[in-house]
Amino acid sequence: MSRTRLGRDFFAREPHVVARELLGSILVTGDGSDVVAVRLTETEAYHGATDPASHAYRGRTARNAVMFDEAGHLYLYFVYGMHWCANIVTGPPGEPSAVLLRAGEVIEGLNVARARRPAVHRDSQLASGPARLAAVLGWGDRDRALRAYGGDLCSAPAVAEVFAGERGPAAGAVAVAVGPRVGVAAAKDEPLRFWIEGDPTVSAYRPQVRRNRRP
DNA sequence: CCGCCGATCCTCT
DNA sequence: GAGGATCGGCGGG
């Protein structure tokens with residue numbers, strides 16, 4: 001079966017538009033016996049320099065430089081000292097916007113995915129969260145992530161391998177739900193998180209909580 | 001099922 | 001120094 005690859009034009013639009021239309025599309029990594037394909041079921045939009053929750057809010061740095069680059073680039077962001085999250089740069093051109101890939105359904109390479117997520121009991125939980133999704137795709141630890149990007153995580157080399165899906169909102173096949181983003185303290189009530197209504201692979205909602213650290 | 005908590009480390013203040 | 005775009009384990013109801 002041949003799949004239509006999403007190109008730069010698809011990604012070079014407002015992040016909330018891309019985030020919504022990305023639902024149901026298929027992200028593929030690996031080759032040969034390593035192939036894993038995920039149908040995206042949950043995304044979040046980050047609106048460039050005007051969005052206080054965006055990593056580009058305080059201007060360009062070495063770490064967020066890729067967000068100022070061309071739309072379509074997939075990059076990994078290291079969070080909480082141990083997890084990686086996959087994002088795709090979006091437009092409009094000149095604005096450092098991005099879409100965070102929050103969850104998906106593994107539709108190819110189930111055994112590879114299970115091996116990368118040994119603690120999981122139900123397949124619907126394999127990629128039901130941004131760091132879980134990244135792990136399933138092979139970017140769950142530092143070595144793998146570095147290998148995937150040739151040592152420079154902040155400048156992904158190419159347009160992400162994302163293909164149009166048949167079970168997405170574009171085909172009218174699913175209902176899209178919208179709500180607040182997860183895990184962000186700033187602008188936390190903005191409805192910029194999109195997911196496929198009723199899909200079991202969507203992550204459980206965890207409202208942002210501020211916690212005291214140990215003394 | 002729900003809520004709390006520790007782990008872990010890099011970046012920017 | 002502080003504080004994350006998180007996850008999984010544990011304890012209680």
Side-chain angles (χ1 to χ4, degrees), chain A residues 15-16 18-20 22-23 27 40-68 73-90 96-104 113-146 149 151-156 160 178-195 200-215:
Chain A
H16 60 280
V18 176
R20 189 180 192 286
L22 222 32
L23 295 176
L27 177 57
L40 298 175
T41 58
E42 183 184 353
T43 56
E44 262 177 17
Y46 287 86
H47 273 84
T50 64
D51 182 351
S54 168
H55 288 135
Y57 183 56
R58 295 173 199 287
R60 182 180 185 131
T61 67
R63 194 184 189 202
N64 65 21
V66 68
M67 298 179 73
F68 293 79
H73 283 209
L74 187 141
Y75 68 95
L76 301 176
Y77 205 89
F78 186 54
V79 287
Y80 291 110
M82 67 198 89
H83 296 303
W84 300 85
C85 294
N87 301 258
I88 299 179
V89 178
T90 74
S97 296
V99 170
L100 168 67
L101 308 180
R102 285 200 56 90
R114 289 176 184 136
R116 288 172 175 167
R117 298 261 304 130
V120 166
H121 298 296
R122 299 210 307 287
D123 284 346
S124 64
Q125 303 301 297
L126 283 170
S128 60
R132 297 170 176 178
L133 176 63
V136 149
L137 294 170
W139 307 316
D141 60 64
R142 184 187 201 79
D143 288 343
R144 294 191 118 123
L146 289 172
Y149 287 101
D152 186 358
L153 299 175
C154 291
S155 69
V178 187
R181 295 179 291 192
V182 180
V184 297
K188 66 186 187 62
D189 294 328
E190 293 293 311
L192 293 172
R193 170 177 172 252
F194 303 83
W195 68 93
T201 66
V202 171
S203 73
Y205 180 63
R206 299 197 190 202
Q208 169 70 10
V209 287
R210 201 161 179 168
R211 293 160 55 193
N212 301 323
R213 60 177 49 227
R214 65 190 171 107

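In the text below, chain A, chain B and the rest are named by the order of the sequence lines, each starting its count at 1.
Comparing C:dG9, C:dT6, B:dC9 against the side chain of A:Ala119 picks out C:dG9 as the nearest. Of all nucleotides listed (B:dC9, C:dA5, C:dT6), C:dA5 comes nearest to the side chain of A:Val184. Residue A:Met82 places its side chain closer to B:dA7 than to any other of B:dA7, C:dA5, C:dT6. Among C:dG8, B:dT8, C:dA5, the nucleotide with an atom closest to any side-chain atom of A:Arg117 is C:dG8.
Side-chain N/O atoms of A:Arg206 include none lying less than 4.0 angstrom from OP1 or OP2 on B:dC2. The side chain of A:Thr61 places no N or O atom within less than 4.0 Å of a non-bridging phosphate oxygen (OP1 or OP2) of B:dT11.
C:dA5 atom P lies 11 Å from atom CZ of A:Arg58, rounded to whole Å. Rounded to whole angstrom, the span from the CZ atom of A:Arg132 across to the P atom of C:dG9 amounts to 10 Å. In this structure, A:Trp84 atom CH2 and B:dA7 atom P are separated by 21 Å, rounded to whole Å. The distance from atom CZ of A:Arg211 to atom C1' of C:dC7 is 11 Å, rounded to the nearest whole Å. For the pair A:Tyr57 OH and C:dG4 P, the interatomic distance rounds to 15 Å; values are reported in whole Å. What separates NE2 of A:His83 from P of B:dG6 is a distance of 15 Å, to the nearest Å. Atom P of nucleotide C:dG4 and atom CD of A:Gln208 are separated by 6 Å, given to the nearest angstrom. Separating the CG atom of A:Leu100 from the P atom of C:dA5 is a distance of 10 Å, rounded to the nearest angstrom.
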#### Entry: Worked check of salt bridge (charged side-chain N to carboxylate O under 4.0 Å, His left out) between A:Glu42 and A:Arg193
CA-CA 7 Å; A:Glu42 183 184 353; A:Arg193 170 177 172 252; 2.7 Å; yes

### Task
Given salt bridge (charged side-chain N to carboxylate O under 4.0 Å, His left out), test A:Arg102 with A:Glu44 step by step and report yes or no.
CA-CA 7 Å; A:Arg102 285 200 56 90; A:Glu44 262 177 17; 3.7 Å; yes

### Message
Run the side-chain contact (heavy atoms from CB on, under 4.5 Å) test on A:Val184 and A:Gln208 for me, step by step, so that the C-alpha distance in whole Å, both residues' side-chain angles and the decisive distance to 0.1 Å come before the verdict.
### Response
CA-CA 6 Å; A:Val184 297; A:Gln208 169 70 10; 5.8 Å; no

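Comparing the same atom, C1', in C:dG1 and in B:dT8 gives a spacing of 16 Å after rounding to whole Å.
Base engagement by A:Ala53 is indicated by at least one non-hydrogen atom pair under 4.0 Å involving a base atom. At the heavy-atom level, A:Tyr80 lies under 4.0 Å from base atoms of the strands shown.
Partner assigned to B:dG6 is C:dC7, using Watson-Crick or G-U wobble distances below 3.5 angstrom.
Ring orientation note: the planes of A:Phe78 and A:Trp84 are tilted relative to one another, at an angle of 30° to 60°.
Once the 5.5 Å centre distance and the 30° plane angle are applied, the aromatic ring of A:Tyr77 is found not to be stacked with the base of C:dA5.
When atom types are taken as modelled, the side chain of A:Asp51 and the backbone of A:Tyr46 share no donor-acceptor pair closer than 3.5 angstrom.
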